[in-house]
Each structure stands twice: as structure tokens, then as C-alpha cells.
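Shown next, in C-alpha cells, is the structure this report addresses.
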Number of protein chains: 2
Amino acid sequence: MRDLKAERILERLRESGGRVTSARRLIVEAMLAGGDHHLTAADIVEIVRRDDPVFHESTVYRTLERLTELGIVRPVQLVPGATVFHLVENAHRHNHLVCDDCGTIIEARVDLLDVLASDVARNHRFTLQTEAAPLHGRCEACQHADAASNRAADPAP
Amino acid sequence: MRDLKAERILERLRESGGRVTSARRLIVEAMLAGGDHHLTAADIVEIVRRDDPVFHESTVYRTLERLTELGIVRPVQLVPGATVFHLVENAHRHNHLVCDDCGTIIEARVDLLDVLASDVARNHRFTLQTEAAPLHGRCEACQHADAASNRAADPAP
DNA sequence: ATAATTGCAAAGTCTTTGCAGTTTG
DNA sequence: CAAACTGCAAAGACTTTGCAATTAT
């Protein structure tokens, strides 16, 4: 099952003139195994090195770039300093709610964005990339934390 | 007018125990002069150096960090590799539509997000930071470009 | 065979940090 | 004066690139 998915993806790579190498196979398998986790390049290196200890970072970046061009992978900037990669094919459609205070990432159903997407299309002729898009804000815990500290700092009413 | 705004901001800094230095004054003035432009740390360095040639990058980062803590400035990650900073006070409420193909940034009215924000609050107990939150997708030009190249590559119907 | 890919090492960008000297309140 | 800030230089995270050796087709 998992292998079939990997092979199907690798076949697209081959069809586009690319070569299927063991490194690339391991990268794709790592991403499939990761499910919907948001893997950084470093994550992938770590996973692949379990099978191939000499696997090098530059290979990840070059392969991810290639896969992105082919539309197989989508890079998403959830937080500063760490681009994460989604396997488009594997991901259920979802969004990310990123808490800017604590960094927690909540996955939300993508259809939340449907109304917004059509508004944006109409008003700005802009096609929203709704899948995997990061939305920023504050999670419940951080809102409470903040309210609590405000209360402590300013013990008025 | 402009000076008053700067002084008001600097006063908040002073009230919080910070010191108002000429470097910080120049940083704030640079951001005010930038209006709603999205200034990167490097942009600010460049502007400030016109008045103070020895002004150093580390000072920008430290000052922006401080101003962010005070809620005076908001960092936004529009594209990978370049955090931009908004002066909260100065910005009219807006969003950014970021074209992932060509990097164009369109400013959109923030109330587009109102419906989404209340949905997210209800469904996920998450408070969207609607202002200055970047939305990703493709601008009109890039959609056309893509359609054209598809037509060229696959001259079917 | 030959074009694509890899490992390696070096460099590049953006940002952070430690420290000693300077400035602000 | 004491605490905060600055310049400087060094380092850190993440990513890119040139090149010779290797590998897929």
C-alpha cells in the first residue's frame, strides 16, 4: 500500500525525465511514513539516515525542490526559520492554525476557507492556496495565559 | 505630525523601562516613513545608515525584538527568508495576499477575514490574528501565465 | 554512453549572542 | 551611578552551489 504510493510518485518523477535513486525513494517513503506531519528538511535527513548513514542534506534540498516543481510536494512556511514540506498526494486537505505565542500547530478543516477564497477571487482576482495554508493567531491556552497575567499585573475591577 | 508619532512610540518604550537612543529613534522614524511598506531588518539598516553610517545590524534585531514584545511592532513572515516588520500603530488594517509564484504582494481589506475569524474562533477556540496575516496563492498574472504555458505545452482543444 | 544525481565542502543569507565600552535616566 | 544599550566580531540555523565521482536509463 505504502510502497505503491511511493512507486506511483517516483514514476511521475521518472516520466518527467528524472531518475529514481535510492535516496529519492527513501525521501518519498519518509514523507509518506510521516503522514500529515510537517517535516522539515532536517527531519527528513534524520529519517533517511537511519537507512543510509551517508545521506547528505544537499540531496534533500535538491530533491524537495524537484518534487515541488512537479507539484508533488508543497513547501509551507509555518514558523520563521523552518520550512515544512507536505506531500500533496498524501495530505488530507487541511489548514494550519499556528499559535504565534507558543508555536502550537492545530490542523483545521480546509473548507473553513471556502467563503474567504471566493471573496478573494472575486475582489482581488487572486486564487487562494487554501490547502496547507498557515493562519496565525493565538491558541486557547495562550489567550488564557495572557488574561491571567493581565489580571495579575493589573488587579483592578 | 510624524515626529509626534515617533515620540509617542518612543515614550512607550521609555515607560517600559527602555532607553530612548538615537538609534532607536532612527529605527522608529524609518518605519514611520516606510508607511505600510513591509520593511525587512536589512531595509531598516539601509535607511538608518543614511543618517548613522556605523549603525549595526544587531541593533536592529535587538530593537525590533523589544518593540515586538511591547506590541508596537509585528513581525510577519511573508516569504521564506525575509521577515518583515509592521508598525502596528501606523498600519491601516490589512492583509497580504502573497503570490507564491512571482512574490507579488497585494494588500487586501482585512474584513475579508471576519467570517473566517469567527468560524475559527467557534470551531477551534483559536483567535485569528487577521491583521497582517499573510495569505498565499497565485495572482492573476501568474494564473494567466500558467494557463498560457499549459496551452503551449499541450496544444490540444 | 550520457545525462542526471550525489557527496562533499565551501559559501551565502538571515539572525543571534557574548562582551567590553558607551550612553541614558 | 547603575542599568540599558551599542558596536563589533564571532557563531548559529537553514539553505544553496560548484565540482568531481557515481549511477540510472
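Lettering of chains follows the sequences in order, A, B, ..., and the numbering in each one begins at 1. Excluded from the calculations below are hydrogen atoms, water molecules and symmetry mates; all remaining heavy atoms, backbone and side chain alike, are included.
Applying side-chain contact (heavy atoms from CB on, under 4.5 Å) to B:Val20 and the options B:Arg25, B:Glu7, B:Glu11 leaves one that passes, B:Arg25. Remark: of the listed residues B:Leu64, B:Leu67, B:Thr68, B:Thr68 is the sole one forming a side-chain contact (heavy atoms from CB on, under 4.5 Å) with B:Pro75.
Less than 4.0 Å separates DNA chain C from at least one heavy atom of each of the following residues of residues 59-72 of chain B: B:Tyr61, B:Arg62.
Taking CG of A:Leu10 as the start and NZ of A:Lys5 as the end, the distance is 13.5 Å to the nearest 0.5 Å.
With rounding to whole Å, B:Leu13 atom CG is found 14 Å from D:dA3 atom C1'. Straight-line distance from the CD atom of A:Glu57 to the P atom of D:dA13: 11 Å, rounded to whole Å.
No side-chain heavy atom of B:Phe85 sits under 4.5 Å from any side-chain heavy atom of B:Val76. Two residues are said to be in side-chain contact when any heavy atoms from C-beta on lie closer than 4.5 Å; B:Leu113 and A:Leu116 meet this criterion.
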Produce the list of close N/O pairs, under 3.5 Å, pairing protein atoms with atoms of nucleotides 22-25 of chain D; give distances to one decimal.
from: D:dA24; atom 1: N3; to: A:Arg19; atom 2: NH1; distance (Å): 3.1
from: D:dT25; atom 1: OP1; to: A:Arg14; atom 2: NE; distance (Å): 2.8
from: D:dT25; atom 1: OP1; to: A:Arg14; atom 2: NH2; distance (Å): 3.2
from: D:dT25; atom 1: OP1; to: A:Val20; atom 2: N; distance (Å): 3.4

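If you walk DNA chain C from 5' to 3' and mark each nucleotide with an atom closer than 4.0 Å to a heavy atom of chain B, the marks span C:dC14 to C:dG25.
Looking at B:His86 and B:His94, their side chains do bring a donor and an acceptor atom within 3.5 Å of each other. Looking only at atom types and distance, the side chain of B:Glu107 has no donor-acceptor partner in the side chain of A:His124 under 3.5 Å away. Between the side chains of B:Arg74 and B:Gln129, a donor-acceptor pair is found at a separation under 3.5 Å. Side-chain contact annotation: B:Arg62 with B:Ser58, donor-acceptor N/O pair under 3.5 Å present.
Within the nucleic acid shown, B:Ser58 comes within 4.0 Å of at least one base atom, counting heavy atoms only.
A:Glu89 has a carboxylate O that lies under 4.0 Å from a charged side-chain N of A:Arg12, or vice versa, which qualifies the two as a salt bridge.
Map B:Thr83 and A:Val54 each onto its nearest nucleotide of DNA chain C; the residue landing nearer the 5' end is A:Val54.
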